[in-house]
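Quick note on labels: first sequence line is chain A, next is B, and so on, each numbered from 1. Below, all heavy atoms of this structure are taken into account, side chains as well, without hydrogens, waters or symmetry copies. Note that the structure is predicted; figures quoted are calculated from it, not measured.
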Amino acid sequence: MEFSSQRYADVVVAAPVGQVDHASAPRLESALAPMLEANGDTGAIVLDFAGVHYISSVGLRVLMIAAKKMRAREAAIGVAALQPVVQEIFDISRFDHVVEVYPSVRDALAALSQPALAAFDRASPSPPR
Amino acid sequence: MKRIRFWGTRGSLPVALTAAEVRLKLAAALRQAAGRRFDSERELSDFLDQLGMPVAGTFGGHTSCVELETGGAEYVLCDLGSGVRPFGQQVLARHGPGAPQTYHIFMSHTHWDHIMGFPFFTPAYIPGNRLRIYGGHAALEAALRRQHGPPSYPVDFSALAANIEFVQLAPDVDHEVAGMTVRLLLQRHAGDSFGYRFTSEGRTVVYSTDSEHKLADPAETNRFVEFFRGADVVIFDAMYSLADAISVKADWGHSSNIVGVELCHLAQAKKLVLFHHEPALGDEAIARVLTETRRFEEITRNGAELVVTTAYDGMEIAL
């Protein structure tokens, strides 16, 4: 699993790529850990799942932990751009009730932070509408 | 082993259909019949089969009780939930009260929903019958005695005229009982629970209920994968959705359909039976969970198909 992140104003967009399963979930957990710290200035995290083609129960557990930590510091977390199979896994596991799911990263930013949305649009030559 | 027969499949508390729910089922059936005539019982039966479980049946309401038919003369049960009452009545109807029988009963644990049927298990009151009750808990006998007498029940344990023995079994080693090899596995549940792996005549059945899987510990996952390894049937606690099992209902001691499929896939088990249904779920909801679980199995399959079904009171699985 590959992982990258990009900050837009007060929102971090984190993008794992590959499958988040028993083997790779600990790497996602480690990568997300610094962003979940209460002393940061991150108001929200958006997980860009466009590159994730599978997530197992252990991967979903990582999202659960992240959601709990963000809620504890009254910050938001969302998941965006789910591939169809991953969307199905979210539906079947009822994780769509745990983490807010957005059609795209831009939709997530629009819902979570106007400064982040503006920064995202400035950074994208042709922002998807 | 020849067959598995489910006498109680509900978790936590027995449930019964209400009059309103029966009426909804009748209305749905009549709507689908659309004025059709049935000229034979067979035609009617075929039509009812097409309607599906949520309309033409119910997943049932007795708490945990599962019979393993070994092909021998002795009876084998898992747990003494309320489903053991109709089981006992059926045995008495078959043999009559004057024909002594032997019952081997394997207890997952002693929470109320798994022992509540015992005071209503008529064969326990009949002299000549022999009950051997097995479990991993030292307090098994005390738990059954405690519910059997005032102020919880009007009949004292001493009124049970059958020959009743309690046998504590150690986990992680093989035991030979009723022609089967039996192994126990300690499971995560308040007060502990034990899963059972039964093997005989080349067939393996795993009974793993009231078991929470924390997911974070690969060693724990591997213990269950090895316990389920190559099983013909895994009867699995799928009480909650994964989201509930690891969030609002974390540490409640139960698992999900998702984890059941994942463990069975890793173990290359052949059939998964969703069991210990949440009492708040109606027939439509349980049927929907089954459909979704089959889809999840399909999209995560990386080898042979795992057949997924969901238990209901009265269901039989031939081995």
Can you tell which part of A:F95 gets under 4.5 Å to a heavy atom of chain B, answering side chain, backbone, both or neither? both
Option in B:N257, B:V248, B:I258 with maximal non-hydrogen atom pairs under 4.5 Å from chain A: B:I258
To the nearest 0.5 Å, how far apart are OG1 in B:T300 and CD1 in A:I55? 13.5 Å
Counting only heavy atoms from other residues, nucleotides and ligands, does the tally under 6.0 Å from CD of B:Q32 exceed 12? yes
Give a yes or no on this: more than 12 heavy atoms of other residues, nucleotides or ligands lie within 6.0 Å of atom CD of A:E74. no
Non-hydrogen atoms of chain B under 4.5 Å away: do they reach the side chain of A:H22, the backbone, both or neither? side chain
Would you compute the distance between atom CD of B:E292 and atom CZ of A:R94 and round it to the nearest 0.5 angstrom? 4.0 Å
Looking at CD1 of A:I89 and CZ of B:R295, how far apart are the two atoms once the value is rounded to the nearest 0.5 Å? 9.5 Å
If you round to the nearest 0.5 Å, how far is NZ of A:K68 from CD1 of B:I246? 7.5 Å
Okay, A:V85 and chain B: the region with an atom under 4.5 Å from a heavy atom over there is both
Using non-hydrogen atoms only, which part of B:A216 is less than 4.5 Å away from chain A: side chain, backbone, both, or neither? both
CD of B:E297 to CD1 of A:I92: how many Å apart, nearest 0.5 Å? 11.0 Å
Return yes if some donor-acceptor pair links the side-chain N/O of B:E262 with the main-chain N/O of A:S57 below 3.5 Å, else return no. yes
With a 4.5 angstrom heavy-atom cut-off, which part of B:S247 approaches chain A: side chain, backbone, both or neither? both
